Amino acid sequence: MAEPTFRYHPHPLASGSALRIDHVCSVCGMARQIRYQGPVYGRQPDSLCLHCIHSGAASSALSISGGSDGDSDVAAMFSDAVDVPDDVPLSVVEEITQRTPGFAGWQQEAWLYHCGDGAAFLGPAGYRELEAHPEALAMLREDHQRYGWSPTDTEQFLRGLDRTGEPTAYLFRCLHCDTNLASWDVG
Ligand SMILES: [Zn+2]
Ligand SMILES: [Zn+2]
């Protein structure tokens, strides 16, 4: 059976949120080849397939009732709904947080939005990966400026970004205008 595709997370194997390994999914009980290995904000399954994320079965089966992240009306399952712009429909936020593979960061990660829609998550990125996307680097510089970092500190920080280490940046692409976006965290 073909693996499901996700509008907001097009390459979960490449991004590191899924692993190619034979397993039996805890939610559907089926033998599957691709296993989710991102965060679950709910009951922790032994093993979870991408089909169950895509269909919403995982979100229903694993959600802890009464849970709320306080920041929105949406019960987050695989990523949190924080800093969602007002022009993004609730249905998009639901699809991203409940039916899209999340990604593990050093802190709880926020999805990025652009042009009134969720952006597609491409994967973690270090300075080398970001250099190919000047607008994403510019976005990080603006972020730091807002937080009062000096340009020297910012450049030092950016050059220290590591795809597999800490700190890491997270690369997204707008599905409408193709702008590359980046978020970052420090552990
Ligand atoms: Zn499953
Ligand atoms: Zn855009």
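Values in this document were obtained by computation on a predicted structure and should not be read as measured data. We count ligands from 1, going down the list as the structure has it; atoms in each ligand are counted the same way.
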Indicate whether any N or O donor in one side chain lies under 3.5 Å from an N or O acceptor in the other, for S15 and H9. yes

If you have a sec, read the angle at the Zn ion (ligand 2) from C177 atom SG over to C174 atom SG, to 10 degrees. 110°

Can you name the N/O/S atom of H114 that is nearest the Zn ion (ligand 2)? ND1

Validation row, ring centre Y41 to ring centre F78 under 6.0 Å: no

Does atom CG of D87 have more than 12 heavy-atom neighbours from other groups under 6.0 Å away? yes

Look at the N, O or S atoms of H51, main chain and side chain alike, and state whether any lies under 2.8 Å from the Zn ion (ligand 1). no

Metal-centred angle, the Zn ion (ligand 1) as apex - SG of C25, SG of C49, 10° resolution: 110°

Return yes when atom CD of E135 has more than 12 non-hydrogen atoms of other residues, nucleotides or ligands closer than 6.0 Å, and no otherwise. yes

